[in-house]
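The structure appears right after this line, and notes come after that.
Residue numbers begin at 1 in each chain, while the letters A, B, ... track the order of the sequences.
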Amino acid sequence: MSDSLVIKNLNASIGDRPILKDFSLTVPKGEVHAIMGPNGTGKSTLSKVLAGHPDYSVQSGEAFLDGEQILGLEPDVVARAGLFLAFQYPSEIPGVTIANFIRAALVARQAKGAPFDAKAYYAELYAKMDALKMDRKFTSRFVNEGFSGGEKKRCEILQLMMLKPKYAVLDETDSGLDIDALRIVSEGVNAMRGPDTGFLVITHYQRLLEYIVPDRVHIMWDGRIVHSGGKELALELEEKGYDWVKQDLAKA
Amino acid sequence: MADIDENLAQREAIEVDRSKGDFKYEENYAFDAGIGLTPSTIDYIAKVKGEEEWIREFRQKSLKIFQEMPMPTHWATADLENIKFEDIRYYLSKGQKPVRTWEEVPDDVKQTFERLGIPESERKFLAGVEAQFDSEAVYSRMKEELEKQGVIFCGPTEGLRDHPEIFRKWFGKVIPIGDNKFAALNSAVFSGGSFIYIPKGVKVAQPLQAYFRINAENFGQFERTLIIADEGSEVTYMEGCTAPKFETATLHSAVVELVALKGAKIQYITVQNWSANVFNLVTKRGVAEEDAEVRWIDCNIGSRLTMKYPGVVLRGKRARGEVLSIALANDGQHQDTGAKMIHAADDTTSNIIAKSISVGEGRSTYRGLVHIPKTLSNCRNNTECDALLINEHSRTDTYPAISVRGRKNSVQHEASVSKVSAEQIFYMMQRGLSEGEAMSLAVNGFVNDLVKEFPMEYSVELKRLIELQMEGSVG
């Protein structure tokens with residue numbers, strides 16, 4: 001419990017439309033869990049609700065990050081508590097460079113007035129960019145402005161690597177990526193795997209899971225998990241298609 | 001880029017944020033023109049200052065024009081009607097002469113400027129400083145080597161008395177008395193401000209700075225500035241302003257005239273941070289002769305109502321004029337700002353970039369005037385105005401008046417209005433920034449390309465001021 005991301009009987013809606021229905025899931029630190037499911041089943045809503053997005057309301061349930069209740073907290077408080085969300089559609093922030101943005105995010109995690117080691121920061125930033133095969137000129141580009149789909153996703157992973165959260169939720173990070181970008185992004189995530197970080201990988205396709213091999217795979221349908229298994233479940237799902245979920249699993 | 005940002009962060013800014021400005025010391029004035037404005041108020045000011053008769057006459061004539069001119073409420077805001085000219089004190093001073101060391105400045109006044117960080121900035125990066133407290137300068141000092149080169153940096157009283165051959169020629173010529181009602185008011189009761197002369201070919205590397213402080217309530221500050229850059233010379237002048245938060249409205253109405261003679265360059269930078277009950281009604285205009293350049297950098301963060309449209313008259317061939325303007329209007333504020341470019345010679349170019357941010361119930365207005373007559377050729381103007389709205393209730397208006405005639409002239413105009421979206425804020429907060437930090441980052445991003453044009457110390461200060469404003473604007 002104190003070393004996991006625990007979601008219990010979560011019910012959440014947007015407007016008066018219920019989306020998450022008694023959703024429960026536990027991601028222990030150090031593991032990679034994948035959530036698969038057809039469109040419109042509530043995968044992205046889950047990530048937004050955990051991150052505290054103001055458009056969603058929670059009716060009941062709990063979510064604990066290493067034992068700390070995170071539902072109802074402001075998005076920045078949840079973020080600083082250690083939850084990172086890699087967005088499916090990251091926002092553009094005109095005029096704010098990537099270097100300054102990540103720096104501001106790191107400073108927000110420091111004690112107020114504490115000195116910032118800029119030299120160490122740039123050394124680390126450049127190393128991580130090299131790993132993601134990003135041109136160093138990228139640091140002076142404005143966050144997500146005019147980025148290709150692949151550049152946006154790489155930028156999300158760069159932020160993930162720099163901010164080192166306890167838990168990372170990757171929302172459809174594979175969408176819009178060609179095979180090379182997919183491999184590079186996956187390598188970035190894999191480099192971060194370890195006992196200190198838990199991952200929740202949301203994806204529509206099995207393809208991503210060939211590169212980021214999950215410890216557990218969960219199938220989501222109509223606002224809750226209907227089936228869980230090992231990594232082979234993803235292959236089974238790919239083979240049988242989502243109709244299988246609708247016909248067999250939804251009944252369960 | 002990254003390295004520039006490093007420098008920015010490492011340098012210490014001069015602190016003139018609003019919270020720092022919100023304090024005041026007891027009022028004890030040796031000279032007080034009393035409340036209200038009559039011909040005898042004018043005579044009192046002229047007498048206290050020991051001015052020559054022609055200046056007294058100039059003032060009296062200006063008073064008449066001021067009283068005859070109507071309020072410009074037909075096009076501007078009706079808030080102007082709330083100025084009660086009869087309740088204002090037009091001249092207050094402790095009878096001090098500007099001194100040359102901070103030790104000689106009276107303690108309470110010195111403490112004021114120390115709290116605002118002025119002496120520290122002077123040590124760090126300024127070539128000269130003048131500090132004005134209510135109606136008169138209390139401190140004025142310039143580096144000796146500049147004095148030896150013949151640079152003059154003083155107030156209007158000293159300038160007109162000691163160097164009439166230099167200043168009288170241009171005084172009231174760039175902005176005539178009747179230019180507008182508030183220019184006439186200033187011409188009647190002006191006191192304090194900077195009179196600067198840069199001799200031929202002298203390039204002043206570090207900025208000269210004036211700092212304007214209003215300490216008394218129900219008071220009007222009417223400083224007058226005239227900068228003459230002789231042929232081939234260069235100067236950067238910066239001004240900052242603060243006042244405590246008073247219960248009643250206070251008036252600040254300055255006139256600033258710039259003269260850039262052949263090949264000279266003047267850069268004039270303002271960071272206006274008056275408290276939110278100051279009416280800030282200022283007339284600023286420069287003349288650029290052949291190959292000369294006048295550049296206004298105008299940042300308006302404070303005040304209740306600001307009406308200010310710095311202008312350049314491009315009088316000589318190849319003259320250049322530029323206005324870079326940033327306005328931030330928060331709850332209860334109206335920033336009515338803009339620029340004027342009057343092309344009066346061939347091959348002249350002008351550039352206007354105005355960015356405004358409206359927060360909460362704040363209102364910002366851009367007014368621009370670009371005039372290129374058809375008799376001229378090869379003149380160019382570029383105007384960009386961008387507005388950023390932070391939420392539903394804020395308001396922005398743009399009134400660009402561009403009159404360009406003649407086939408050989410060109411003009412380019414772009415305007416945009418954008419909004420900080422809830423999704424952008426959520427995205428930034430998901431990275432750990434508070435709502436206020438997220439907003440100020442978005443706002444700083446919006447003004448980023450303009451701020452890069454500013455001298456280092458001022459860009460740091462401006463960023464801090466924006467952060468403070470945005471922090472305060474989030475419930």
Side-chain angles (χ1 to χ4, degrees), chain A residues 47-48 50-55 73-87 89-110 115-116 118-119 121-122 125-126 136-145 156 159-160 162-163 165 169, chain B residues 1-12 326 353 355 357 386-389 391 416-453 459-460 462-464 466-467 470-471 474-475:
Chain A
S47 67
K48 296 278 173 65
L50 289 176
H53 195 290
D55 286 356
L73 300 180
E74 288 295 314
D76 57 317
V77 179
V78 177
R80 293 194 301 269
L83 186 85
F84 180 93
L85 171 58
F87 285 65
Y89 304 110
S91 289
E92 296 180 1
I93 313 171
V96 178
T97 63
I98 290 179
N100 278 355
F101 184 55
I102 298 177
R103 180 193 175 119
L106 286 168
V107 169
R109 285 162 171 76
Q110 290 187 338
F116 184 81
K119 211 176 152 194
Y121 166 65
Y122 277 102
L125 185 65
Y126 288 147
R136 287 187 184 186
K137 286 189 196 125
F138 241 79
T139 50
S140 57
R141 285 184 63 182
F142 300 145
V143 178
N144 294 319
E145 200 179 53
E156 292 293 286
Q159 293 174 52
L160 166 69
M162 291 300 291
L163 298 178
V169 180
Chain B
M1 176 60 208
D3 294 332
I4 292 167
D5 288 334
E6 276 332 297
N7 286 334
L8 275 181
Q10 279 162 6
R11 294 235 196 164
E12 279 188 42
I326 292 177
I353 304 177
K355 300 215 177 206
I357 302 121
D386 300 317
L388 184 70
L389 298 176
N391 46 28
S416 77
V417 177
S418 50
K419 235 186 119 174
V420 178
S421 72
E423 281 309 310
Q424 283 174 313
I425 297 295
F426 175 70
Y427 182 70
M428 289 187 266
M429 289 179 79
Q430 212 299 308
R431 297 302 181 247
L433 304 177
S434 70
E435 193 177 356
E437 287 165 344
M439 290 222 190
S440 70
L441 199 62
V443 170
N444 271 314
F446 173 70
V447 298
N448 185 36
D449 52 341
L450 262 196
V451 172
K452 270 191 286 193
E453 299 286 314
S459 56
V460 174
L462 192 71
K463 282 188 175 188
R464 286 200 188 179
I466 289 173
E467 272 159 33
M470 300 316 297
E471 294 281 330
V474 176

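Closest of all the heavy-atom pairs between B:G432 and A:A108 is O-CB, 3.4 Å. For the residue pair A:L163 and B:R431, the shortest heavy atom distance occurs at CD1-CD, 3.9 Å.
Under the rule for a side-chain contact (heavy atoms from CB on, under 4.5 Å), the partners of B:E423 that lie at least two apart in sequence or sit in another chain are A:H53, A:D55, A:S91, B:S421, B:F426. Annotation: ring-ring contact (aromatic ring centres under 6.0 Å, His included) contacts of B:Y427 (sequence neighbours excluded): A:F87, A:F101.
No side-chain heavy atom of B:L433 sits less than 4.5 Å from a side-chain heavy atom of A:D76.
Of the two parts of A:V77, neither the backbone nor the side chain holds a non-hydrogen atom closer than 4.5 Å to a non-hydrogen atom of chain B. Looking at B:Q430, the atoms closer than 4.5 Å to chain A (heavy atoms on both sides) sit in the backbone and in the side chain alike. Of the atoms belonging to A:P165, not a single heavy atom falls under 4.5 Å from chain B.
No more than 12 heavy atoms of other residues, nucleotides or ligands shown are found within 6.0 angstrom of CD on A:E74.
Note that CG of B:N444 is 9.5 Å distant from CG of A:N100, once rounded to the nearest 0.5 Å.
Ranked by non-hydrogen atom pairs under 4.5 Å with chain B, the options A:R109, A:R136, A:E92, A:K48 are led by A:R109. By number of non-hydrogen pairs under 4.5 angstrom with chain B, the leading residue of A:G95, A:A51, A:P94, A:A104 is A:G95.
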